[in-house]
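Taking it in order: structure first as structure tokens, then the write-up.
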Amino acid sequence: MNEVIKKQYKTIKSAVGPLLVVTNVRGVSYDELVEVKEPDGNVRFGKVLEIDGDNAVLQMWTSSQGLKISKASAKFTGHGLQLAVSPDILGRVFDGLGKPKDKAAPIIADKRVNVNTTPINPTARAYPNEFIQTGISTIDALNTLVRGQKLPIFSMSGMPHAELASQIARQASVPSHESKFAIVFAAIGITFDEAEFFTRSFEESGALSRSVMFINLANDPSLERIATPRTALTAAEYLAFTLGYHVLVIMTDITNYAEALREVSAARKEIPGRRGYPGYLYTDLASIYERAGCIKNKTGSITQIPILTMPEDDKTHPIPDLTGYITEGQIIISRDLAKRGITPPIDVLPSLSRLKDKGIGKGKTREDHSNLLNQLFACYAKGKDSRELAQILGESALSPTDRLYIKFTDQFEKEFVNQGFETNRTIEDTLNLGWKLLRNLPKEELTRIQPSFIEKYYDKTDDEDDGNG
């Protein structure tokens, strides 16, 4: 009798919600994929959640409602959840388990890969140092995304992070590797309307042809929600390290993933940690985020933009708090900017890209980039301080220079930040726009820019910056 037959059991003893208990099992491992076959031939899938002696607790991908356990059998496959991969996955839409969702033909697999692979070995990593252009000025100029980086977006309920995610997916590119760039988009626990929005946006813009989409809906099982980011990252690893693509992975919403993790943890009766989340939340999130990066002697790379909504707008909540420890910065969405109609409402001052200095400068973006971003940050911060002072003392009590800074700040938000969700700016356009705004201030105020750059860029006319001069 072969091993597969040995691992098929008709000893399902109980079913509570999505949980089944199978007794008298041997040679079963944690996270192993299970097929539960009903008398009519229908097969339901699940995985091993816990092993206690010769008893195995299974969690089904779907509810166990209607399952006649006395007549059903459980077959343990000997492996975890696997994803079928081939170059044909580009342009396709799948569910969270990697099954086609676009009504097209099934993938003819080059191979099947376990989705629960380990993060990249630190000794095999190459340091991220190449610019990724998103077409969004507040990211490209001030919080630059670098190939191989993990740069999360911290949003809030009701904010347009879906529109921002769609914009990045449509516009992102590695300028020096345009033909080998791909998007892997993982939607985790989203509504049907959001799924329709993302699918339609990708199709209408033509971005779907270079993308792989994994969509897990809010009414899909929690277990599928936990599998979705790992399935997406498995596809990304195949594209990057087998086919040589530079892959940008966008995942939304990580908060839904963490909620599903908490639900499964409660089902296993684990001791809860902060806010009821499992104590291993940090390790679990790290097992996802650390699958991004560049590998020595490999052409491809994986860059991650995980998006999460902060419960109660709280940055100290466990999900954003732990994410901030693992990743290399964060992009913050501002409710105040959104209320004023500024899109995308990215708050540049608390936002941070820890690797931005590695991806900018001569030969990557432009020689003046580092000086310019420091000056824009400083001027915007001073302008916001002057604006607050004007609200207290009145604008008449301010110096002429302070009033200039207020004017700069208003224009910065109106022109630089408020580019909309449809505008795609090159890095040249963005840097030129920054210089255009700085011309509202006297040269003497530009203390963070080298004199040679001031001479080269400050005295150009706005028409020259726009390419019309």
Side-chain angles (χ1 to χ4, degrees), residues 12-22 25 28-36 44-52 55-65 67 74 76-77 79-83 95-99 114-119 186-190 214-234 251-291 306 308-309 311 317-323 326:
I12 303 174
K13 293 302 180 185
S14 63
V16 181
L19 301 182
L20 302 181
V21 176
V22 185
V25 299
V28 174
S29 59
Y30 172 73
D31 236 14
E32 188 172 339
L33 189 66
V34 184
E35 299 175 2
V36 177
R44 307 189 193 195
F45 293 90
K47 74 171 186 177
V48 177
L49 192 65
E50 186 175 331
I51 301 168
D52 182 13
N55 296 328
V57 179
L58 316 182
Q59 180 154 14
M60 307 304 295
W61 299 110
T62 57
S63 170
S64 60
Q65 185 175 2
L67 178 67
F76 296 82
T77 62
H79 58 76
L81 178 64
Q82 294 180 327
L83 177 68
D95 66 11
L97 302 178
K99 298 176 183 176
N114 192 319
V115 303
N116 295 302
T117 58
T118 56
I188 307 165
I190 63 172
F214 295 88
I215 296 179
N216 166 258
L217 298 175
N219 62 342
D220 288 331
S222 297
L223 209 56
E224 181 179 323
R225 197 156 302 134
I226 292 174
T228 302
R230 292 177 168 83
T231 305
L233 285 165
T234 301
M251 298 182 288
T252 181
D253 182 333
I254 293 297
T255 299
N256 294 335
Y257 169 82
E259 295 290 347
L261 200 67
R262 179 166 63 176
E263 182 180 330
V264 171
S265 175
R268 296 176 63 182
K269 295 183 171 58
E270 295 174 337
I271 298 174
R274 291 169 58 192
R275 306 273 187 108
Y277 294 95
Y280 51 81
L281 179 61
Y282 178 91
T283 306
D284 192 277
L285 289 174
S287 71
I288 294 174
Y289 297 146
E290 292 298 338
R291 288 172 72 170
L308 59 90
T309 51
H317 187 278
I319 303 170
D321 187 32
L322 297 177
T323 295
I326 303 165

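Computed from a predicted structure; not experimentally measured.
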Write down the atom of [X], the atom of [Y], and the distance for their closest heavy-atom approach.
X      : Y      : answer
Pro320 : Leu308 : CB-CD1, 3.8 Å
Ile51  : Ser29  : CD1-C, 3.6 Å
Val22  : Val25  : CG1-CG1, 3.7 Å
Ile254 : Pro306 : CG1-CB, 3.8 Å
Arg225 : Ile188 : CG-CG2, 3.3 Å
Gly189 : Asn256 : O-ND2, 3.1 Å

Evaluation steps, side chain to side chain contact (heavy atoms under 4.5 Å, CB included), between Ile215 and Ile190: CA-CA 8 Å; Ile215 296 179; Ile190 63 172; 4.3 Å; yes

So how far is it from [X] [atom1] to [Y] [atom2], rounded to the nearest 0.5 Å?
X      : Y      : atom1 : atom2 : answer
Ile326 : Tyr282 : CD1   : OH    : 5.0 Å
Glu32  : His79  : CD    : NE2   : 8.0 Å
Leu233 : Met251 : CG    : CE    : 5.0 Å
Leu49  : Leu223 : CG    : CG    : 7.5 Å
Asp31  : Leu81  : CG    : CG    : 9.0 Å
Lys47  : Leu33  : NZ    : CG    : 10.0 Å

Exam field: side chain [X] to backbone [Y], donor-acceptor pair closer than 3.5 Å:
X      : Y      : answer
Thr255 : Thr309 : yes
Thr231 : Gly98  : no
Glu50  : Val57  : no

Is there a side-chain contact between [X] and [Y] in this structure, where contact means two heavy atoms from C-beta onward sitting under 4.5 Å apart?
X      : Y      : result
Phe214 : Thr234 : no
Leu261 : Leu285 : no
Val36  : Leu67  : yes
Val34  : Leu20  : no
Phe45  : Met60  : no

Verdict with reasoning, Tyr289 to Leu322, per side chain to side chain contact (heavy atoms under 4.5 Å, CB included): CA-CA 11 Å; Tyr289 297 146; Leu322 297 177; over 6 Å; no

Inter- and intrachain pairs under salt bridge (Lys or Arg N to Asp or Glu O under 4.0 Å), touching residues 271-287, at least two apart: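 For residues 271-287, and leaving out neighbouring residues, the salt bridge (Lys or Arg N to Asp or Glu O under 4.0 Å) pairs sorted by first residue read Arg230-Asp284, Arg274-Asp321, Arg275-Asp314.
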
Pairing residues for Tyr277 by the ring pair (Phe, Tyr, Trp, His ring centres under 6.0 Å) criterion, not counting sequence neighbours: His317

With sequence neighbours excluded, residues passing ring pair (Phe, Tyr, Trp, His ring centres under 6.0 Å) with Tyr257: none

